[in-house]
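Okay, here's the structure, questions in a sec.
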Amino acid sequence: MAAPIVRTRGLCRDYQVGGHLVHALAGLDVTIDRGDFVAIMGPSGSGKSTCMHLLGCLDTPTGGQYELDGDDVSRLSRDDLARTRNRKIGFVFQTFNLLPRATAQRNVELPLVYGAVPRAERRDKAAAALDSVGLAERAHHLPTQLSGGQMQRVAIARAIVNDPVMLLADEPTGALDTRTGFEIMALFQDLNDRGITVILVTHESEIAAFARRILGFRDGRLVEDAAVTDRLSAADILSGKVAPP
Amino acid sequence: MNLVDVLLSALDSLRANVLRTVLTTLGIIIGVAAVIAMVAVGAGAEQRVQAVIQSLGSNILIVLNGTSVSGGVRGGSGSVISLTEDDARALAAEIPSVRYAAPAVRGTGQLIYGNVNWFTSIQGVTDDYLIARDWVIGEGRSFTRAEERAAAKVAVIGRTVAERLFGGVPPLGQTLRVRRVPFTVIGITREKGQTPFGSDQDDVVFIPLSTAKKRVLGGDRVRGDYVGSITVKVLGPEQVAQTEKEVLEVLRRRHRIRDGKPDDFFVRNVAQILEARAQSERVMGLLLAAVAGVSLIVGGIGIMNIMLVSVTERTREIGLRMAVGAQGRDILVQFVIESVALSVMGGLIGVVLGVGGSLAVAHFAEWPLILSPGAIAMAMGFSAAVGVFFGYYPALKASRLDPIEALRHE
Ligand SMILES: Nc1ncnc2c1ncn2[C@@H]1O[C@H](COP(=O)(O)OP(=O)(O)O)[C@@H](O)[C@H]1O
Ligand SMILES: [Mg+2]
């Protein structure tokens, strides 16, 4: 059995705010296996984003241990964290975060640029990633020429172009209308079916219903860890086979 | 991240805000244009000094007959004839730093060869004079001592005379008439070109001093032992000023001029006059250097300011780049390159303006300017250095951003 993608032991993140300590994440023990699809839920301020930042190697914990893909990454330097993000993690943001003056193609190439991938290979990989999110023919459009859903697809293509071990998405459907949100979830499910591990934050239970597993947070602690029994297929809802929740 | 990618993204972001880019680089533009003008002015001044020294001869003092003051009316140079061949001999003998003291007379007159006429400058000189004034014999030879003593009717002609009077005929050995006196051409001087004041130096015929006085210019105002000028050639450039003083002493003593009375001759120290002029042009150059320096600094501060604005505006972009794997170093390089691209672009515009401006000044003000590729390279180097220096701090700031904070930035 391969090592889990994520394994944390007593993972903590404290913030010093005006003289007293805020436990944004107060000791997280969790294991996430390869190929899982996890939805993180919880009220505002419960530590969801803090958890995502730590899992995504954007931040270092103030305590505890984090193993990503078998390597301990809890005490890495800034540069090593950047390298790890580049090789192992794909991010999707609520507001897409595309470079406004770069075409879809060049936006998708960005992680490869920092991975020192040669130009020709970069072009091919980015084209393939755009193809797998269904935007092959939009490769030379600027973000301003794309709809919200299309921009999020470009962002997802950028997240998967480096063949990461997991995709992290913080409220990826938060800025989209319901139907477009379902389209994005269908894409995540499709990618997950192809073996990519997905972890996303959402506060909508109908979005969480597309995941395989739900983690519930409250006050910086994990309070719920449940498998999704009646998992929905976003593709089926879109095609009308199943009624929307 | 390789350099091509960095450059492309730098140009992207400059293009996004063309007006702001141009305004930002204004200081650099002016600074670089000033650097180029400064070097061009300096080099032009230097070249003119060199040209004048070359045309008059190096390390020389020219002693001319003085002016008379009679009844309050001041005559022109040479209104009193006081210099003699003996004066020349005395200068050479008494002042150790004098290499030659060559007396000369000059006049003008008609030259005739066959049926061709040519009006030119006639100079009665010695071989020493030709050497002192840096005349080089191109063909044939100069006068011998024997010819000088015997007042031989031999002539050394300038290039222009050779061409105008003789056409295609080789002049050496030909006979020409100088004010109707027949002379044999024994030498032709090498071309000297125009003086910096525009007259043709090669339009001249040289004949021995003795011959000139006895047979050609004898009827003119310079008679007997008197001469029109004495060219003093000094051993080295650093001795010119001291020699000038000694020449004054010797001549005042010989001319029995009492203390307090004015000289009846005067000494022209060409190098000194030119030096004074070069000095004022150097001051001009320094002024431009100050303008250049201040502009480059102001330009640099402008660039720093706009780069700080740019870092703030693009905080989310920086966060995103970090999230997908950019290290601090990548961000640092990106922003420094962007700043350098900005300043070098200003530099390029500055070079165009500087070159154009210099050419315009050279054309309209007839101020000699020399544009050197070195100066342009130096100006570009300066502007790139300004870009690095003033872009470094904003870039460092960008590279130290926290990715989470940056991504959250509105
Ligand atoms: N940079 C920070 N400085 C201080 N406190 C922070 C910081 N980031 C998060 N927190 C605090 O940590 C707690 C968890 O925040 P967060 O993880 O953003 O919650 P969520 O994403 O679930 O809304 C909150 O109380 C928040 O105020
Ligand atoms: Mg949050």
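By convention in this document, chain letters (A, B, ...) are assigned in the order of the sequence lines, proteins followed by strands, and residues within each chain are numbered from 1. Worth knowing before you read on, the calculation uses all heavy atoms, side chains too, and leaves out hydrogens, waters and symmetry mates.
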B/Asp402: partners by side-chain hydrogen bond (donor to acceptor under 3.5 Å, both in side chains), with sequence neighbours left out: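 B/Asp402: no side-chain hydrogen bond (donor to acceptor under 3.5 Å, both in side chains) contacts found.
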Region of B/Arg400 in contact with chain A, defined by heavy-atom distances below 4.5 Å: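 Backbone only.
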A/Tyr114 side, atom OH; B/Met322 side, atom CE - distance, nearest 0.5 Å: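 CE of B/Met322 is found 9.0 Å from OH of A/Tyr114.
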From A/Leu110 atom CG to B/Arg321 atom CZ, the distance as rounded to the nearest 0.5 Å: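 If I round to the nearest 0.5 Å, the distance is 5.0 Å.
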Residue part contacting chain A, namely of B/Arg15, when any heavy atom lies under 4.5 Å: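 It is neither, since no heavy atom gets under 4.5 Å.
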Trace of the side-chain contact (heavy atoms from CB on, under 4.5 Å) decision for B/Leu320 with A/Arg158: CA-CA 11 Å; B/Leu320 184 268; A/Arg158 179 180 64 196; 3.5 Å; yes
Trace of the side-chain contact (heavy atoms from CB on, under 4.5 Å) decision for A/Thr95 with B/Arg316: CA-CA 11 Å; A/Thr95 51; B/Arg316 275 168 79 94; 2.5 Å; yes
For chain B, which residues of residues 119-134 of chain A have heavy atoms nearer than 4.5 angstrom: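 Listed by number, the contacting residues are A/Arg119, A/Arg122.
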A/Phe37 atom CZ, over 12 foreign heavy atoms within 6.0 Å: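 Atom CZ in A/Phe37 is crowded, with more than 12 foreign heavy atoms closer than 6.0 Å.
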Rounded distance [0.5 Å steps], CZ in A/Arg101 versus CG in B/Asp12: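 With rounding to 0.5 Å, CZ (A/Arg101) is 6.5 Å from CG (B/Asp12).
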Residue selection (most heavy-atom pairs with chain B, distance under 4.5 Å) from A/Glu109, A/Arg106, A/Arg87: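 With the most close heavy-atom pairs to chain B, the winner is A/Arg106.
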Residues from residues 161-174 of chain A approaching chain B under 4.5 Å (heavy atoms):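 Residues qualifying by a heavy atom under 4.5 Å from chain B are absent, so none.
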Heavy-atom check, side chain of B/Val324 versus side chain of A/Phe91, under 4.5 Å: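 No - every pair of side-chain heavy atoms lies 4.5 Å or more apart.
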Contacts with chain B made by residues 58-86 of chain A (heavy-atom distance under 4.5 Å), listed by residue number: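 Listed by number: A/Leu58, A/Asp59, A/Arg78, A/Asp79, A/Ala82, A/Arg83, A/Arg85, A/Asn86.
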